[in-house]
A.B. asks: 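Once you've had a glance at the structure underneath, I'll fire off some questions.
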Amino acid sequence: MIVRRFAGIRIGIEKDDRVNDFGLPQGFRVEQDTDSPVDIRFTLRVGKLDLPSIREKAVDMRRGSLHAEGNRDRIVWSHSELGTVIDSRPREGSVLVALSGKDWEKTDSVFDHLILPGILPPLAARGIRAIHASSVQLQNGQGVMIAGPSGCGKTTAALMLVANGAKLVADDLTFIRRDEESFSIHGMGEGPRAVQQVWNNFSHWQPGKPDLVGKRRLHPNAIAWVPESRLYRVLLPSEHRSMTESVHAWMLTELIGYSYHAGDQDAALHQ
């Protein structure tokens with residue numbers, strides 16, 4: 001089992017030998033201690049998931065070709081062509097992913113397509129929620145999160161700040177953790193991703209080739225990056241307002257509209 005730490009959470013990953021090796025973003029730091037208990041355990045295996053139906057279906061989520069249903073105790077993800085592929089028990093912190101051998105070989109990104117959707121509910125159950133936001137750490141050490149819907153300028157604003165000396169924490173997907181009355185923000189360590197129109201404003205950076213939706217990603221080593229920062233200010237470009245440290249007590253309720261659904265919206269971020 002390999003053990004990684006992300007946002008203070010220990011994540012153990014076990015896989016069948018027949019499952020191809022895969023990479024994790026650099027925000028998932030390698031843990032030297034592999035004997036202590038983990039908070040979330042992932043099991044990746046070759047096979048098929050034959051699961052009983054879930055009676056209470058309070059969860060209804062979609063991510064690409066995946067559809068999730070279930071409740072806060074158990075969430076099952078199914079693929080439109082492959083059937084059930086992920087069995088997640090958020091409170092227990094266990095996630096089982098199963099595909100046939102040939103389907104593992106066809107999966108071009110195990111992390112994006114399987115691990116990320118599987119890990120969001122267990123992280124949320126531990127008080128760590130994914131927000132649709134870009135984040136940076138300013139030169140004075142203060143963290144700034146720019147939250148909002150697609151197209152509101154999150155990445156552009158973050159890149160402008162980085163071009164003026166800030167360090168990137170996260171692009172598009174920021175994880176926020178509450179510690180008593182303060183908050184920290186965490187990033188997966190992936191480079192910023194944007195359409196060519198955005199990159200035209202930053203000619204000194206050379207992103208990679210366009211993906212299927214026409215966006216190009218900059219290599220994470222091309223800019224200064226930090227895995228986490230203490231949150232000081234939240235900017236909401238689409239609403240033309242900001243929230244500062246003095247309103248942290250109700251900040252999470254405000255941000256829930258920009259969070260990635262993790263199956264527990266009624267109790268989200270109030271642990």
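The first residue of the sequence shown is numbered 1, and numbering continues consecutively from there.
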A.B. asks: Test side-chain contact (heavy atoms from CB on, under 4.5 Å) on Val97 and Thr43; report intermediate values, then the result.
C.D. replies: CA-CA 6 Å; Val97 181; Thr43 303; over 6 Å; no
A.B. asks: Which label fits Phe6 and Phe28: parallel for a plane angle under 30°, tilted from 30 to 60°, or perpendicular past 60°?
C.D. replies: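 Parallel.
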A.B. asks: Judged by atom type as modelled, is there a donor-acceptor pair below 3.5 Å linking the side chain of Arg177 to the main-chain atoms of Ala7?
C.D. replies: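 Judged by distance alone, yes, a pair lies under 3.5 Å.
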A.B. asks: Are Ile13 and Leu24 side-chain neighbours, meaning at least one heavy-atom pair lies under 4.5 Å?
C.D. replies: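 When only atoms from C-beta onward are counted, Leu24 and Ile13 do touch, with a gap below 4.5 Å.
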A.B. asks: Would you name the heavy atoms of Ser100 and Val46 that are closest together and state the gap between them?
C.D. replies: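 Heavy atoms only, the tightest pair is C-CG1, 4.1 Å.
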A.B. asks: For the atom pair CE (Met145) and NE2 (His132), what is the distance rounded to the nearest 0.5 Å?
C.D. replies: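 With rounding to 0.5 Å, CE (Met145) is 12.5 Å from NE2 (His132).
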A.B. asks: How many angstroms lie between CD1 in Ile86 and CG in Leu96, if you round to the nearest 0.5 Å?
C.D. replies: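 So the gap between those two atoms works out to 9.5 Å.
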A.B. asks: When you measure from the side chain of Trp104 to the backbone of Leu99, do you find a donor-acceptor pair of N or O atoms at a distance under 3.5 Å?
C.D. replies: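 Side chain of Trp104 to backbone of Leu99, a donor-acceptor pair under 3.5 Å: yes, one is there.
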A.B. asks: Given 3.5 Å as the limit, does a donor-acceptor pair link the side chain of Arg45 with the main chain of Lys15, or not?
C.D. replies: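 Side chain of Arg45 to backbone of Lys15, a donor-acceptor pair under 3.5 Å: no, none is there.
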A.B. asks: Kindly give the heavy-atom pair with the smallest separation between Phe202 and Val198, and that separation in Å.
C.D. replies: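 Heavy-atom minimum between the residues: CD1-O, 3.3 Å.
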A.B. asks: Treating Ile, Leu, Val, Met, Phe, Trp and Tyr as nodes and any side-chain heavy-atom pair under 4.5 angstrom as an edge, say whether Val76 and Leu49 lie in one connected cluster.
C.D. replies: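 Yes, Val76 connects to Leu49 through the hydrophobic network.
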A.B. asks: Does Tyr232 form a side-chain contact (heavy atoms from CB on, under 4.5 Å) with Asn140? I'd like the steps, not just the answer.
C.D. replies: CA-CA 11 Å; Tyr232 173 74; Asn140 60 8; over 6 Å; no
A.B. asks: Assess the residue pair Phe22 and Asn20 against the criterion (side-chain contact (heavy atoms from CB on, under 4.5 Å)); give the C-alpha distance rounded to whole Å, side-chain angles, the decisive distance to 0.1 Å, and a yes or no.
C.D. replies: CA-CA 6 Å; Phe22 56 89; Asn20 294 336; over 6 Å; no
A.B. asks: Between the main-chain N or O of Gln26 and the side-chain N or O of Arg29, is there a donor-acceptor pair closer than 3.5 Å?
C.D. replies: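 Answer holds: yes.
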A.B. asks: Going by side-chain contact (heavy atoms from CB on, under 4.5 Å), Ile146 matches just one of Thr155, Leu161, Leu236. Which one?
C.D. replies: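 Among the candidates, only Leu161 passes.
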A.B. asks: When hydrophobic residues are tied together by side-chain contacts of less than 4.5 Å, even through go-betweens, does Met188 share a cluster with Val144?
C.D. replies: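 No, Met188 does not connect to Val144 through the hydrophobic network.
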A.B. asks: Check whether Val226 and Ile176 end up in the same hydrophobic cluster, where Ile, Leu, Val, Met, Phe, Trp and Tyr are linked by side-chain heavy atoms less than 4.5 Å apart.
C.D. replies: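 They do share one cluster, since a chain of ILVMFWY contacts under 4.5 Å joins Val226 to Ile176.
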A.B. asks: Quick one: do Leu168 and Leu231 end up in the same hydrophobic cluster if we chain Ile, Leu, Val, Met, Phe, Trp and Tyr together by side-chain heavy atoms under 4.5 Å apart?
C.D. replies: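 Per the 4.5 Å side-chain linkage, Leu168 and Leu231 are not co-clustered.
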A.B. asks: Has the side chain of Thr107 got a donor or acceptor atom that lies under 3.5 Å from a matching backbone atom of Val110?
C.D. replies: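 Such a contact is absent between Thr107 side chain and Val110 backbone.
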A.B. asks: Mind checking whether Ile75 and Pro90 have side chains closer than 4.5 Å, heavy atoms only?
C.D. replies: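 A side-chain contact under 4.5 Å exists here.
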A.B. asks: Once you round to the nearest 0.5 Å, how far does CZ of Arg41 lie from CD of Glu14?
C.D. replies: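 Going from CZ on Arg41 over to CD on Glu14, the span is 5.0 Å.
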A.B. asks: Run the numbers on Arg217 and Asp211 for salt bridge (Lys or Arg N to Asp or Glu O under 4.0 Å), then give the verdict.
C.D. replies: CA-CA 8 Å; Arg217 187 182 296 279; Asp211 58 16; over 6 Å; no
A.B. asks: When you measure from the side chain of Thr174 to the backbone N and O of Ile131, does any donor-acceptor pair fall under 3.5 Å?
C.D. replies: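 Checking the backbone N and O of Ile131 against the side chain of Thr174, no donor-acceptor pair under 3.5 Å is found.
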A.B. asks: Less than 4.0 angstrom from a charged side-chain N to a carboxylate O is my criterion; do Lys154 and Asp171 meet it?
C.D. replies: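 No, no charged N to carboxylate O under 4.0 Å.
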A.B. asks: Under a 3.5 Å distance rule, please check whether Ser134 uses its side chain to pair with a backbone N or O of Asp172 as donor and acceptor.
C.D. replies: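 Yes; at least one donor-acceptor contact below 3.5 Å.
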A.B. asks: Would you indicate whether the side-chain heavy atoms of Trp205 and Ile223 approach each other to under 4.5 Å?
C.D. replies: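 Side-chain contact under 4.5 Å: yes.
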A.B. asks: At what distance, to the nearest 0.5 angstrom, does CD1 of Ile185 lie from CZ of Phe175?
C.D. replies: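 Here the rounded value is 12.5 Å.
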A.B. asks: Counting heavy atoms not belonging to Met160, are there more than 12 under 6.0 Å from its CE?
C.D. replies: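 Counting other residues, nucleotides and ligands, CE of Met160 stays at 12 neighbours or fewer.
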A.B. asks: Would you call Glu31-Arg4 a salt bridge at under 4.0 Å N-O?
C.D. replies: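 Looking at Glu31 and Arg4, the cut-off is not met.
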A.B. asks: Using every non-hydrogen atom in the two residues, find where Pro220 and Glu190 come nearest and quote the distance to one decimal.
C.D. replies: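 Heavy-atom minimum between the residues: CB-C, 4.3 Å.
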A.B. asks: Can Asp73 and Arg91 be counted as an ion pair, charged N to O under 4.0 angstrom?
C.D. replies: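 Salt bridge between Asp73 and Arg91, a charged N being under 4.0 Å from a carboxylate O: yes.
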A.B. asks: On a heavy-atom basis, which atom in Val95 and which in Ser88 lie closest, and how many Å separate them?
C.D. replies: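 Shortest heavy-atom contact: CG2-OG, 3.9 Å.
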A.B. asks: Supply the atom-to-atom distance Glu69 CD to Arg74 CZ, rounded to the nearest 0.5 angstrom.
C.D. replies: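 Those atoms lie 11.0 Å apart.
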A.B. asks: Do any N or O atoms from the side chain of Arg89 and from the backbone of Glu92 form a donor-acceptor pair under 3.5 angstrom?
C.D. replies: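 No; zero donor-acceptor contacts below 3.5 Å.
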A.B. asks: Which atom pair, heavy atoms only, marks the closest approach of Leu44 to Val19?
C.D. replies: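 The answer is O-CG2, 3.9 Å.
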A.B. asks: Taking the side chain from Trp225 and the backbone from Val169, do they hold a donor-acceptor pair closer than 3.5 Å?
C.D. replies: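 Pair found, side chain donor or acceptor close to backbone of Val169.
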A.B. asks: Can you find a heavy atom in the side chain of Ser182 that is under 4.5 Å from one in the side chain of Arg230?
C.D. replies: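 They are in side-chain contact.
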A.B. asks: Measuring from atom CG of Leu82 to atom CG of Leu66, what distance do you get when rounded to the nearest 0.5 angstrom?
C.D. replies: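 So the CG of Leu82 and the CG of Leu66 are separated by 8.5 Å.
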A.B. asks: Specify the closest pair of heavy atoms between Lys167 and Val162, including all atoms of both residues, with the distance to one decimal.
C.D. replies: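 Shortest heavy-atom contact: C-CG2, 4.3 Å.
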A.B. asks: Checking Arg10 against Ser36 for the side-chain contact (heavy atoms from CB on, under 4.5 Å) test, could you report, in this order, the C-alpha distance in whole Å, the side-chain angles of both residues, the deciding distance, and whether it holds?
C.D. replies: CA-CA 9 Å; Arg10 285 170 52 86; Ser36 298; 3.7 Å; yes
A.B. asks: For the residue pair Gln196 / Arg216, report whether a side-chain donor-acceptor contact shorter than 3.5 Å exists.
C.D. replies: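 Yes.
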A.B. asks: Identify whether Leu173 and Leu114 are in the same connected component of the hydrophobic contact network (ILVMFWY, side-chain heavy atoms under 4.5 Å).
C.D. replies: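 Hydrophobic grouping puts Leu173 with Leu114.
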